Amino acid sequence: MTPRRLVAASLAIAAAYAAVHLVGWRKDVAILSGTNASVLRGIAYLVLHFAFWIAVPIGVLAAGILALVNLTSLGSNSRP
Amino acid sequence: MRALGAIALATAIWLPSLHFFHRGAPPHELARGIAAAELRLWTDPALRAREIRRMRASNAEWDFMARSFLAWALANRALAEPATRRRALAAIDAIVDETLRLERERGQTHFLLPYGRARPFVDGARSQFVDGEIALMIALRRLVEERRDWAPLLTERVDAMAARMLRGPVLSAESYPDECWTFCNTVALAAIRAADVLDGSDHAELLASWVRTAKRRLVHRPSGLLVSSYSRAGRALDGPEGSSIWLAAHMLDVVDPAFARDQYRRAKREIAHHALGFAWAGEWPRSWHGHDDVDSGPTWPLLDLSASSSGFALLGATAFRDAAYRDGLLSSLDLGGFPMRDGEAVRFAASNAVGDAVALYALSAGPAWRRLR
């Protein structure tokens, strides 16, 4: 896993979340209260919502940390 | 290996920080937004009809409770913010008038689950669920501003509830055939207390006796919490439930504040959860496990999270001035309630009109109770 891949995966999730948000699937999470709504759209929105708030920031932070570690180790391995 | 370490470190940084991004609006602003959305339902007949249809497709009780909790919340808001009084009173009057009309034309079973018609009630044919909540709507409206023409409506309902309770072996009346609910009977007790304050009647002995009887007959021994439902004779039909106990503690606060606070503390110890700045509530204490039903909604097993119990927990936390728990619950509501804003109006996509009305009441409760104590 490289920093670039982590950022790409995070961006893909964020883009998918933005898309389902813009087409109005948020209202379908009403399935959580047992109210009639599209189960498929509700679950998709739910998964992407929590992925956006949990996985995306972790992915971006991890990419930054990994890039920093790679840079540091690259610096320490290079000859004077 | 490095990547896994980076992900672990990022997780350790992000998860404890997440709640800072879900503080949401301050409680009074959130309440104003929910009130605006709920009031739209009572000024737009088409919107109201659609929302009522949605709720009744799942549960006829929600249609009724959405009215009660909204009316109670608006009364509290009118007491706290006089500028909202005129609009609030107009809405409460419309809610009560329409609810009484439906009760008159279709009977109380219109607001009950189908099994309310399955067999006769043991004592009479009235539901404490419907009588108690309507009585409290009328009482709180009169607490904001007197309506003398509604005084007989309150007296009549309170007298009928008190008479049924006094005839019951555990001083409780049925909400469904041979099924008494702590939720409904504590709402009835609060309404009776309100009637005493408004009209000078005296039911102090009934209120004190109910608490004495409940401590003896209606408490689940391992947890010390009131059970949620029982037969008219007092046989427990369920153990304690989050979807009942938080509201029951709040209602009992105008009947016996020490007992009410004790129930809140026990509920907090038994079914409240918090982690990483978020808070929520389960449906059952560790010592008793029931089954998901229409009241509890689905419970998320790994987290022990019940949306219904968590919503009512917000009421408990506000009523008993537990700011830390309230703020954690509000963060959870912001993350997992899926707020949707439309101008100044706020509603929660994961909820419906009854869930939003409960949240609104939770954020507004207080002023009426201070006058009833």
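Just so you know, these numbers come straight off a predicted model, no measurement behind them. Numbered from 1 within each chain, the chains take letters A, B, ... in sequence-line order. Only this structure's heavy atoms are used, side chains among them; waters, hydrogens and symmetry mates stay out.
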Distance-only donor-acceptor screen, chain A against chain B, under 3.5 angstrom:
{"residue": "R26(A)", "atom": "NE", "partner": "P339(B)", "partner atom": "O", "Å": "3.2"}
{"residue": "R26(A)", "atom": "NH2", "partner": "P339(B)", "partner atom": "O", "Å": "3.0"}
{"residue": "A30(A)", "atom": "N", "partner": "A349(B)", "partner atom": "O", "Å": "3.2"}
{"residue": "S33(A)", "atom": "OG", "partner": "A350(B)", "partner atom": "O", "Å": "3.4"}
{"residue": "G34(A)", "atom": "O", "partner": "S58(B)", "partner atom": "OG", "Å": "2.7"}
{"residue": "T35(A)", "atom": "OG1", "partner": "N352(B)", "partner atom": "ND2", "Å": "3.2"}
{"residue": "H49(A)", "atom": "NE2", "partner": "L335(B)", "partner atom": "O", "Å": "2.7"}
{"residue": "W53(A)", "atom": "O", "partner": "W14(B)", "partner atom": "NE1", "Å": "2.8"}
{"residue": "N70(A)", "atom": "OD1", "partner": "R2(B)", "partner atom": "NH1", "Å": "3.0"}
{"residue": "S73(A)", "atom": "OG", "partner": "R2(B)", "partner atom": "NH1", "Å": "3.3"}
{"residue": "S73(A)", "atom": "OG", "partner": "R2(B)", "partner atom": "NH2", "Å": "3.2"}

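Side-chain contact between I245(B) and P240(B): absent, with no pair of heavy atoms (C-beta onward) separated by less than 4.5 Å. Two residues are said to be in side-chain contact when any heavy atoms from C-beta on lie closer than 4.5 Å; L46(A) and F338(B) meet this criterion.
For a residue to count as touching a neighbouring chain, one of its non-hydrogen atoms must lie under 4.5 Å from one of that chain's; by this rule L18(B) touches chain A with the side chain only.
Atom CG of L335(B) and atom CZ of F21(B) lie 12.5 Å apart (nearest 0.5 Å). Here L41(B) contributes atom CG and I52(B) contributes atom CD1; the two are 8.0 Å apart, rounded to the nearest 0.5 Å. Rounded to the nearest 0.5 angstrom, L30(B) CG and L333(B) CG are separated by 6.5 Å.
Not counting sequence neighbours, the partners of I43(A) by the side-chain contact (heavy atoms from CB on, under 4.5 Å) test are I31(A), V39(A), V47(A).
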